Visitor: 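Before we start, here is the structure in question, set down as C-alpha cells.
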Protein chains: 2
Amino acid sequence: MAVDRRKLIVEAATKSFSLFGFKATTMEQVAKIANVGKGTIYTFFKTKEELFDEIINRLIKEMKQAAEEVINPSFSFYENVHRALYRILEFRLEHQLTIKLFQEEKEMGTPAVMEVMVKLEQAILNYIKDKIVVAIDKGEIQPCDPEITSFVMLKLYIALIFDWEKNHEPLEKEEIAELLEKYIFEGLSK
Amino acid sequence: MAVDRRKLIVEAATKSFSLFGFKATTMEQVAKIANVGKGTIYTFFKTKEELFDEIINRLIKEMKQAAEEVINPSFSFYENVHRALYRILEFRLEHQLTIKLFQEEKEMGTPAVMEVMVKLEQAILNYIKDKIVVAIDKGEIQPCDPEITSFVMLKLYIALIFDWEKNHEPLEKEEIAELLEKYIFEGLSK
DNA sequence: AACATGACCAATTGAACAAAACGGTCAAAC
DNA sequence: GTTTGACCGTTTTGTTCAATTGGTCATGTT
C-alpha cells in the first residue's frame, strides 16, 4: 500500500467542501484532487452523503477536543461552560468548512447540509448536557433539567455572539462571560 | 364620501397579505377585493411597500395593546414581563398575517418581508426595554443594560416557544414562566 | 485474484428563450 | 377633483434541451 487512498479522498473532500460547499463539490472533483479514479471513492463510501457524514463526524470530534483543551478543572463550572461554549462557537468563525456550511444552510438550504447542521447542534447540546449533569451531581449548581438548560445556554450564546452583531457592536469575550454569569448564574432579582 | 376607500384598501390588503403573503398578493387583487380601481390605491400609497408598512404599523399597535391588556401593576415585574412577552408571541400563533409573514420570511426570504420583520422585532425589543428601564428606576431589578437584557429575554422566549418545539414536546406557559424565573431572575448558582 | 479505473447511464440541473404577470402611470371618464 | 383600467417597461414564470451530476460496472492494471 503505497498511499492511503481512503485518507486522500477524505482530505480532498474536506478541502473541496470547505472551498465550495457540499452542493458545488462534485465527486469527479474530489477524485481529481485526491488523484484517484471516481470509482475508487465508491469502494469506501456508498454515497456522497456518506462521505460528507464521515467528514462531519471528524469535525465534531475536533470540536470536542478543542473544547476539552480550554476546560480546566480548577475553574468554576460556569467559567468552564463559558470557555467551552465560546471555544466551540469560535470554530464557526475559524474553520472554512463550518463557515461555508453555515452559509450554504442559510442561503441555499441544501437538504444534506441542513441535516448535518442539526446533527452538529445536537452534538454540542449533548456535550454541554453531560457537563451539566456532572455539575448537578457534584452540587456545583442547583438541580435543573439538563436538556433545557443546555438548550438555553447554547441559544443564549448563539444570540449573544451571532445575532447581537447584526445590529450592534460585537460583544467582547469577557462581556459575554459576565452576561452568562449575570443571567444564568446569578439572576437579576433583588 | 359614501365609503372610506382608504379603509377598504387597507382591509383588502390585510386580508390578501394574510391569505397569500406579500409577494403573492398583487395590487390588482387588492383593488378587486376592495372594489376600487387599481389606480385608486396609488392615490393613497406610493408603492406596494408603503401599503404594507401601514398594515405592519397597525399590527405593531395591536400587539402593544394586547400586551398592555395582560399587564397588571399589582403583579411583580418578572410576572408582567412574562405575561407581556408571552402575549406578544402568542400573536404569531393566532394571527394569520403574522403566521404567513413568518413563513414567507423563512421559506422565501422576500426582502420587503425580511425588512418588516426586523422592524417588528425592534418594536418588541423597545417595548420590553422601556419596561426594564422603569423596573431599574423603581429598584425592582438589579441595574443592567436594558438593551442587552431585553434582547436576551426575547431571544430566550423565542427559543423556548418556537425553537424548542422543533425537537421536543411544547413547553406549557407555566413551565416557561418558571424557566424565565429560574434563569433570569434567580440564576442557577448555589 | 484483487483492486483501481473512467466510459457510460439515467436523473437532475441550469442556461436560454418566450410568454405571462407584475407594479406603477396617466389620459380619459365620471 | 376623483376614479379608473388600458397601457408600459420590467420582472417573474414556464418550457425546452443540452450539459452535468451521482453512481455503476465491464475492463485494465498490478
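The structure displayed is predicted, hence computed values, not measured ones. Proteins come first, then strands; the chains are lettered A, B, ... in the order of their sequence lines, and each starts at number 1.
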Visitor: Any carboxylate oxygen within less than 4.0 angstrom of a Lys/Arg side-chain nitrogen, looking at B/Arg58 and B/Glu62?
Guide: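 Salt bridge flag = no for B/Glu62 with B/Arg58.
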Visitor: For the pair made of CG in B/Leu51 and C1' in C/dG24, what is the distance, rounded to whole Å?
Guide: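 After rounding, the reported distance stands at 13 Å.
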Visitor: Taking only the side-chain nitrogens and oxygens of A/Arg5, find out if one of them lies under 4.0 Å from OP1 or OP2 of C/dT5.
Guide: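 Indeed, a polar side-chain atom of A/Arg5 lies that close.
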Visitor: Return the value, rounded to whole Å, for the distance between atom CZ of B/Phe20 and atom P of C/dC22.
Guide: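 Interatomic distance, CZ of B/Phe20 to P of C/dC22: 12 Å.
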Visitor: I'd like to know if the side chain of A/Asn72 and the backbone of A/Asn80 have a donor-acceptor N/O pair within less than 3.5 Å.
Guide: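 No, the answer is negative, given that no donor and acceptor are paired below the 3.5 Å cut-off.
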Visitor: In whole angstroms, how far is the C1' atom of D/dG5 from the NZ atom of B/Lys32?
Guide: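 Going from NZ in B/Lys32 over to C1' in D/dG5 covers 12 Å.
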Visitor: Can we say A/Glu121 and A/Arg92 salt-bridge, meaning some charged N sits less than 4.0 Å from an Asp/Glu carboxylate O?
Guide: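 Looking at A/Glu121 and A/Arg92, the cut-off is not met.
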Visitor: Shorter than 3.5 Å, N or O on both sides, protein versus nucleotides 21-27 of chain D: list them out with atom names.
Guide:
{"unit_1": "D/dG22", "atom_1": "OP1", "unit_2": "A/Thr25", "atom_2": "O", "d": "3.2"}
{"unit_1": "D/dG22", "atom_1": "OP1", "unit_2": "A/Lys48", "atom_2": "NZ", "d": "2.9"}
{"unit_1": "D/dG22", "atom_1": "OP2", "unit_2": "A/Met27", "atom_2": "N", "d": "2.9"}
{"unit_1": "D/dG22", "atom_1": "N7", "unit_2": "A/Lys38", "atom_2": "NZ", "d": "3.4"}
{"unit_1": "D/dG23", "atom_1": "OP2", "unit_2": "A/Tyr42", "atom_2": "OH", "d": "3.0"}
{"unit_1": "D/dG23", "atom_1": "OP2", "unit_2": "A/Lys48", "atom_2": "N", "d": "2.8"}
{"unit_1": "D/dG23", "atom_1": "N7", "unit_2": "A/Lys38", "atom_2": "NZ", "d": "3.1"}
{"unit_1": "D/dG23", "atom_1": "O6", "unit_2": "A/Lys38", "atom_2": "NZ", "d": "2.2"}

Visitor: Nearest-Å distance, CD1 (B/Ile9) to P (C/dG23)?
Guide: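 So the two atoms are 14 Å apart, to the nearest Å.
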Visitor: Rounded to the nearest angstrom, tell me the gap between atom CD1 in B/Ile41 and atom C1' in C/dC26.
Guide: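 Rounded to whole Å, this separation is 16 Å.
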Visitor: Need the bend value for the helix from C/dA1-D/dT30 to C/dC30-D/dG1: angle between end axes, 5 pairs each end, nearest 10°.
Guide: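 It comes to 10° between the two terminal axes.
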Visitor: Are the charged groups of A/Glu94 and A/Arg87 less than 4.0 angstrom apart, N to O?
Guide: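 Yes, this pair counts.
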Visitor: Can you give me the closest heavy-atom contact between B/Ile33 and B/Ala12, atom names plus distance?
Guide: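 Heavy atoms only, the tightest pair is CG2-CB, 3.6 Å.
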Visitor: Inspect the contact between B/Lys32 and B/Glu28 and indicate whether a charged nitrogen and a carboxylate oxygen are less than 4.0 angstrom apart.
Guide: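 Not counted as a salt bridge, because no side-chain N and carboxylate O are separated by less than 4.0 Å.
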Visitor: Taking atom types as modelled and ignoring hydrogens, do the side chains of B/Glu68 and B/Tyr127 form a donor-acceptor contact shorter than 3.5 angstrom?
Guide: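 B/Glu68 vs B/Tyr127: donor-acceptor pair found between side chains.
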Visitor: Checking the side chain of B/Lys48 only, and the main-chain atoms of B/Phe22 only, is there a donor and an acceptor separated by less than 3.5 Å?
Guide: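 Side chain of B/Lys48 to backbone of B/Phe22: a pair is present.
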